[in-house]
Every structure is written in C-alpha cells, then in structure tokens.
Enquirer: 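I am attaching a structure below and will ask some questions about it afterwards.
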Amino acid sequence: MNARKLVLSQTHCTQIPQTIRNSLLCAAVDPPHSNPPFLPKPPILATGLLKSYFERGLIREARTLFDEMPERDVVAWTTMISGYTSCNLHGRAWVVFCEMMRYADVRPNEFTLSSTLKACKGINSSSRGALVHALVLKEGMSGSLYVSNALLDVYATCCVNMDKASAVFHEIRGKNDVSWTTLIAGYTHRGDGYMGLNVFRRMLLEEGESNPFSFSIAVRACASVHSCTYGKQLHAAIVKHGLNYNLPVMNSILDMYCRCSSLNDAKQCFHEMTQRDSITWNTLIAGYEKSDPYESISSYSRMESEGLSPNCFTFSSIIAAVANLAILSCGEQIHGRIIKRGLGGNLELDNALIDMYAKSGNVASARRIFDKMPTKNLVSWTTMMIGYGSHGYGNEAVDFFEEMVKFGVRPDRIAFVAVLNACSHAGLVDKGVRYFISMVGDYNIAPDLEIFGCLVDLLGRAGRVEEAFQLIESMPFDPDESVWGAFLGACKAHNHPDLGTLAIRKVLALKPKIAATYVVLSNIYAADGKWCDSAKMRKLMRRMASKKEAGRSSVEIKNQNYSFVAGDKMGSHMDCVDEVVKVLVEHMRDARYIPDLDFFIHDLEDGT
DNA sequence: CTAGGGTTAG
C-alpha cells in the first residue's frame with residue numbers, strides 16, 4: 001500500500017467500526033512479512049471495508065474507496081456489484097459489471113454472475129439477463145446452483161412469459177427448494193395461480209420436502225385465484241407441518257382469507273395468531289377496506305392502541321376506506337396524521353389521497369396534492385383524470401390525459417379506460433375513437449372487453465347506435481351484461497326500438513347479476529306500456545337483491561355521517577334530504593332542464 | 001462477494 005492509500009484509509013475510517021479500522025490501519029502500517037514487497041496481498045481488508053460501507057448505505061464512500069484501491073480482484077468487483085444491488089442501485093451494479101468485463105483483467109466467478117443476475121432482475125431486463133446467460137455458458141458456470149437459480153429468477157420475473165424460465169428450470173440438475181420456490185413465485189406473481197399451485201404440488205410429490213417459503217407463496221397463489229377451498233387445504237397442511245407459528249406464513253394465510261372475501265375465516269385466523277406484526281395488522285386493515293370500511297378504520301385504532309405504529313401501507317388502506325365512505329372530515333384528519341408522521345411525500349399515499357379527495361367531491365384539493373407531489377407516476381395521473389371525469393369535468397380529464405402524454409408518461413390500458421369514459425361523458429366521440437386507434441396502433445395495447453364496452457358507450461351516447469351495434473357484432477369477445485346494458489341505454493335514449501328489443505333478449509339470456517340492469521329493463525317496459533313485463537323485472541331484481549347485502553351510500557351533513565340504502569327512510573334526516581332535493585329540482589327548472597321521466601324508477605308493487 | 005416468501009394506490 002502506498003502513502004496516499006494510507007491517508008485515504010484514515011479519512012474513511014472515521015465512520016467504520018473500531019475493529020475493522022484497527023485491522024486496516026495495522027495492515028497498512030505493518031505489511032505482512034510473508035508477502036514480498038513487490039507482490040502485494042489481495043485487498044482483502046479493503047474489500048471488507050467496502051462491504052461495511054454498503055451495509056451502512058455509505059455509497060459514495062464505498063465508490064471512492066473502490067476507485068482508490070490499487071488492486072481489485074474478482075471479490076472486490078463482486079462486492080461492488082452486490083453492494084449496489086443491496087442498496088437498490090441495480091443500474092449502477094450493472095455498470096460496474098460492464099466495467100469489470102471491459103477493463104479489468106479478472107474473470108467472473110459464480111458469485112459475480114449470480115449477483116449480476118440479481119441486478120438484471122432489479123432493472124427488469126431479461127435481455128441483459130440473457131447476455132449474462134451466454135456468459136454463464138461460456139464460462140462453464142451452468143452447473144452452479146446459485147447461478148442457475150438466479151438466472152431462473154430473472155427469466156421468471158422479467159420475461160413476458162414463463163417459457164425461458166421453465167426451460168432453465170428443467171435443465172437444473174439437483175434442483176433445490178429455492179429452484180422450486182422461484183418457479184412457483186414466477187407463475188404466481190404474473191397472475192397464473194393455478195400453474196403456481198400445480199408446480200407446488202409437483203414439488204411436494206417429487207421433493208417430498210417442503211419449506212415455509214414455498215408454503216407462503218402457494219397460499220398467495222390460492223389468493224390470486226380466489227380459491228378459498230385450496231386455501232383451506234393449504235391452511236390445514238400448514239398446521240400439520242407446524243408452520244402455524246411462522247409469522248410470514250400466517251400473514252399470507254390471513255391475506256388469502258381476505259382476498260377470498262372469507263372475512264369470518266380472516267377474523268378467526270387473526271384471533272388465533274399467537275404473534276402479530278405490523279404486516280398482520282396492515283393485511284387485516286387492507287382486507288376490510290373493500291367490504292367493511294368501518295371495520296377497517298376501527299382495526300386501525302385498535303392497532304394504534306396496541307402500540308404498533310401505522311406506516312404507509314396502513315394509511316393507504318385507511319385512506320381508501322375513507323374514500324369509499326366519502327367522509328371528508330375524517331379523511332382530512334388522517335391526512336393530518338400522515339403529515340405529522342412525516343409520511344407526506346410518499347408516492348402511493350399521495351395517490352390514495354388524490355383518490356380520497358376526488359371521491360369526496362373535492363377535486364380542487366385532489367389537484368393541489370397532485371401539483372405538490374415531488375414525483376408522480378401513471379397512477380397519479382390516472383387517478384386525477386378519473387376524479388375530473390367522474391365529476392363532470394370530461395374536457396379537463398381529456399386535457400389532462402394530453403398533458404400526461406406530453407409529460408412523457410406512457411398510458412396503459414386503465415388510463416385509456418379513463419380517457420375513453422371522459423370522452424364518452426363529454427360527448428367527444430371522434431376524439432375517443434382516435435384514442436382507441438392510437439391505443440392499439442401507437443401503444444400496442446390489446447383492447448379487452450372493458451375497452452370495447454367504453455367504445456360502445458361512447459358511440460351509443462352520441463347517438464351512433466348502429467355503429468355501436470356493428471362494433472358489438474365484430475369485436476373478438478362475447479359481449480357481457482355491461483356492454484349490452486350500455487347499448488340498451490343508447491337504444492332507449494336515441495329511440496331505436498328494434499335494436500333495443502334485441503339487446504333486451506341478449507341481456508336476459510345472460511341472467512343479469514347487476515341490479516341496475518333490471519331497473520333499466522323495467523323502465524323500458526314501463527315506458528312502452530308493458531306493465532306486466534316491467535313488474536316481472538322488478539320482481540327478478542328484488543329476488544336477486546335480497547341475496548346480497550344492499551349497496552350503501554354515505555353522506556356527510558354537518559359533521560355527521562349518514563349511511564343508507566335505496567328506499568331507506570332516514571327518519572328525521574329524511575326531511576333534510578327532501579329539502580335538498582326540492583332545491584335541486586328548482587335549480588333544474590331554472591336551467592330549463594326537462595326531466596326524462598322514463599328514467600324515473602317506476603316503483604310498482606308486484607303484480608300491478 | 002451469491003439465489004427464494006408476506007402488506008399499498010388508478
């Protein structure tokens with residue numbers, strides 16, 4: 001080591017553990033006698049220091065030290081690569097690997113290759129993974145289980161399908177549980193839960209051995225296919241293997257019950273858990289968020305009273321729950337707590353807040369959050385767009401979409417659904433059609449049934465009913481209830497009785513599951529004077545509605561929340577609602593709006 | 001110096 005190196009080491013050493021510092025300084029002051037002076041020992045100590053820097057997140061220091069190292073062996077290079085990936089700087093890790101291959105006179109070993117493959121996964125690049133794959137073959141490293149498993153993981157997470165991953169998997173001789181779990185996770189994380197479960201079963205048959213990792217990912221697969229039956233079987237197997245004391249495994253079981261909407265099982269599972277961490281609570285809170293927002297909020301207070309502090313995940317769920325209930329004052333309170341806890345700039349939380357303010361009718365506040373965000377992603381833009389679109393600002397929503405594209409954010413399918421809905425409500429038919437063409441042509445997004453539904457609605461609302469019908473006939477999907485429903489509305493609004501009759505037949509053949517469909521049908525019959533058919537629809541609807549919990553609406557009046565279902569009598573509060581409705585009707589008359597009484601719900605008693 | 005699992009947003 002030269003003198004310059006010694007000085008540098010001392011400056012670096014101010015922030016490192018005493019033991020490393022001492023050994024490094026000793027090594028620098030007293031070179032080992034066993035080494036001849038012109039053949040320096042490999043920089044083992046400096047590499048140890050490098051690793052220590054990365055563990056503490058001291059990236060700049062690590063880089064400076066590495067740059068100053070007079071001699072850098074494979075281990076030093078590999079430490080840089082794995083150090084960067086462990087700090088989530090996968091791009092830099094890749095650059096170091098390229099530098100090593102280009103300029104350094106060292107050959108990569110199995111450590112280097114598997115660390116580099118992890119970096120490829122981090123930057124989501126299967127092509128770079130394939131490059132490393134070639135190198136693996138060239139270096140004769142394909143026998144290394146670590147390398148093969150890392151390669152399998154890159155292909156499983158970054159490729160469009162599982163072909164390459166499964167090819168790698170089948171070539172591994174002496175597969176271990178990591179190989180199996182990586183394959184299962186690959187299928188499961190891309191939404192192919194059945195295939196994931198299939199591989200899991202094969203693993204149990206062939207391996208005869210299981211591990212907690214594979215169990216929790218298999219449980220996740222059950223959740224993704226909403227199979228509570230498989231989930232319960234796995235739960236039983238987990239108890240049998242004594243894994244019901246493994247916290248991550250039980251968290252995944254809890255999540256599975258929530259996602260399968262088995263809230264009673266979720267509740268029981270939660271109570272039986274001997275150990276709970278913040279993920280347990282977050283899972284429960286997120287699970288209740290969709291079906292029982294009140295319970296979600298009360299779980300949150302219980303979580304806090306048990307001394308666990310909520311994090312971004314907790315608040316995201318709570319904000320979503322509040323958004324579903326549209327209780328603005330509560331949302332503002334939670335927003336305050338988020339700021340107090342210093343979680344203000346979190347991207348996902350800000351996105352949830354935009355949605356909450358927009359759903360509570362406060363589009364301006366939503367926009368304020370959006371404007372203040374240090375970084376925005378596609379979800380931020382889309383949420384804001386939906387906020388505009390669903391409050392009658394169709395033109396603003398469309399402008400917003402344009403601005404987003406100009407900003408360099410690439411829209412996905414959901415963003416197109418949002419902009420098409422906005423066009424539909426703003427009456428911008430031609431623009432909407434152009435967006436559809438651009439979506440397919442410029443963005444290479446395959447339209448699905450939902451997108452075709454938007455298009456049918458767009459054409460139908462604008463009165464281009466025949467075109468809408470041709471579209472339904474020519475699209476590569478079987479139209480569902482919502483497509484026919486949108487079309488039916490158009491037939492009625494623009495007076496196309498023949499196509500309307502056809503649509504009615506099609507809708508009824510699908511045995512509708514949405515109550516609103518029966519309302520539309522009933523009203524169409526009623527408008528036509530077919531009272532008997534109309535009543536039949538009401539009857540079918542009531543029979544269906546009684547099977548499931550009624551959809552509740554919430555309203556906030558003077559800091560009081562009222563929740564009610566259609567047809568509810570809210571007692572004395574009803575007077576207040578009636579008053580508001582009367583005022584609204586006055587406004588409508590002033591604006592010379594002629595109400596379409598055909599759309600009024602004909603609440604006929606059965607048999608009339 | 002190396003590989004696999006659990007919770008967020010449109």
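Just so it is clear, the structure is predicted and the values come from calculations on it, not from any experiment. In what follows, every chain begins at residue 1, and chains take the letters A, B, ... in the order their sequences are listed.
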Enquirer: For A:D277, which contact category applies under a 4.0 Å heavy-atom criterion: base, sugar-phosphate, or nothing?
Expert: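 Contact class for A:D277: base.
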Enquirer: With a 4.5 Å limit on heavy-atom distance, are the side chains of A:V168 and A:H133 in contact?
Expert: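 In contact.
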Enquirer: Quick check: do A:D153 and A:L117 have side-chain heavy atoms less than 4.5 Å from each other?
Expert: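 A side-chain contact under 4.5 Å is absent here.
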Enquirer: Search all heavy atoms of A:G331 against all heavy atoms of A:I319 and return the closest pair with its distance.
Expert: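 Nearest pair, atom of A:G331 first, then A:I319: O-CD1, 4.4 Å.
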Enquirer: At under 4.0 Å between heavy atoms, what does A:K121 touch on the DNA or RNA strands: base, sugar-phosphate, or nothing?
Expert: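 Sugar-phosphate contact only - A:K121 comes under 4.0 Å of backbone atoms but never of a base.
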Enquirer: Select base, sugar-phosphate, or nothing to describe what A:I386 touches, counting heavy atoms under 4.0 Å on all strands.
Expert: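 Answer is sugar-phosphate: A:I386 comes under 4.0 Å of backbone atoms only.
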Enquirer: Could you tell me whether A:K51 and A:E55 make a salt bridge, using a distance below 4.0 angstrom between a side-chain N and a carboxylate O?
Expert: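 The answer is yes: the pair qualifies as a salt bridge.
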Enquirer: First contact, last contact: which nucleotides of DNA chain B are these for chain A, 5' to 3', heavy-atom distance under 4.0 Å?
Expert: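 From 5' to 3', the first and last contacting nucleotides are B:dC1 to B:dG10.
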Enquirer: Which part of the nucleic acid, if any, lies within contact of A:D412, taking any heavy atom under 4.0 Å across all strands shown: a base, the sugar-phosphate backbone alone, or nothing?
Expert: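 Answer is base: heavy atoms of A:D412 come under 4.0 Å of a base.
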Enquirer: Look at all strands and tell whether A:S317 reaches a base, only sugar-phosphate, or nothing, counting heavy atoms closer than 4.0 Å.
Expert: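 Contact class for A:S317: none.
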Enquirer: Applying side-chain contact (heavy atoms from CB on, under 4.5 Å), name anything that partners A:A185, two or more places apart in sequence or on another chain.
Expert: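 Only A:H189, A:I217 meet the side-chain contact (heavy atoms from CB on, under 4.5 Å) criterion with A:A185.
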Enquirer: How would you label the contact of A:N346 with the nucleic acid (heavy atoms, under 4.0 Å): base, sugar-phosphate, or nothing?
Expert: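 Counting heavy atoms under 4.0 Å across all strands, no contact is made by A:N346.
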Enquirer: Do any pairs count as a side-chain hydrogen bond (donor to acceptor under 3.5 Å, both in side chains) and have a residue in residues 281-293 of chain A, sequence neighbours left out, and if so which ones?
Expert: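 Passing the test, one end in residues 281-293 of chain A: A:N282-A:N311, A:N282-A:T314, A:E289-A:N324.
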Enquirer: Give A:L117 one of three labels, base, sugar-phosphate or nothing, depending on what nucleic acid heavy atoms sit under 4.0 Å from its own.
Expert: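 The answer is nothing, as A:L117 stays clear of every strand by at least 4.0 Å.
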Enquirer: Would you say A:V95 and A:C98 make side-chain contact, with heavy atoms under 4.5 Å?
Expert: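 Not touching, per the 4.5 Å side-chain cut-off.
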Enquirer: Please work out if A:R259 contacts a base, only the sugar-phosphate, or nothing of the nucleic acid, heavy-atom cut-off 4.0 Å.
Expert: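 Here A:R259 touches the backbone only, sparing every base.
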Enquirer: Side-chain contact, heavy-atom cut-off 4.5 Å: A:W94 with A:T116?
Expert: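 Result yes, sub-4.5 Å side-chain heavy-atom pair found.
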Enquirer: What pairs with A:F200 under ring-ring contact (aromatic ring centres under 6.0 Å, His included), at least two apart in sequence or on another chain?
Expert: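 Checked A:F200 against ring-ring contact (aromatic ring centres under 6.0 Å, His included); matches are A:F215.
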Enquirer: Could you walk me through whether A:E304 and A:R337 pass salt bridge (charged side-chain N to carboxylate O under 4.0 Å, His left out), step by step?
Expert: CA-CA 12 Å; A:E304 276 206 315; A:R337 286 195 209 184; 3.1 Å; yes
Enquirer: Any base atoms under 4.0 Å from A:T382, or only sugar-phosphate, or nothing? Heavy atoms, all strands.
Expert: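 Counting heavy atoms under 4.0 Å across all strands, the contact made by A:T382 includes a base.
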Enquirer: For DNA chain B, what residues of residues 141-153 of chain A have any heavy atom nearer than 4.0 Å?
Expert: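 Correct list: A:Y146, A:N149, A:D153.
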Enquirer: Hey, can you pull the residues of residues 171-189 of chain A with a non-hydrogen atom under 4.0 angstrom from DNA chain B?
Expert: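 Contacting residues: A:N176, A:D177, A:V178, A:T181, A:T182, A:H189.
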Enquirer: Parallel under 30°, tilted from 30 to 60°, perpendicular over 60°: which one fits the rings of A:F54 and A:Y84?
Expert: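 Rings of A:F54 and A:Y84: perpendicular, over 60°.
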Enquirer: Using a 4.0 Å heavy-atom cut-off across all strands, classify A:N211 as base, sugar-phosphate, or nothing.
Expert: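 Contact class for A:N211: base.
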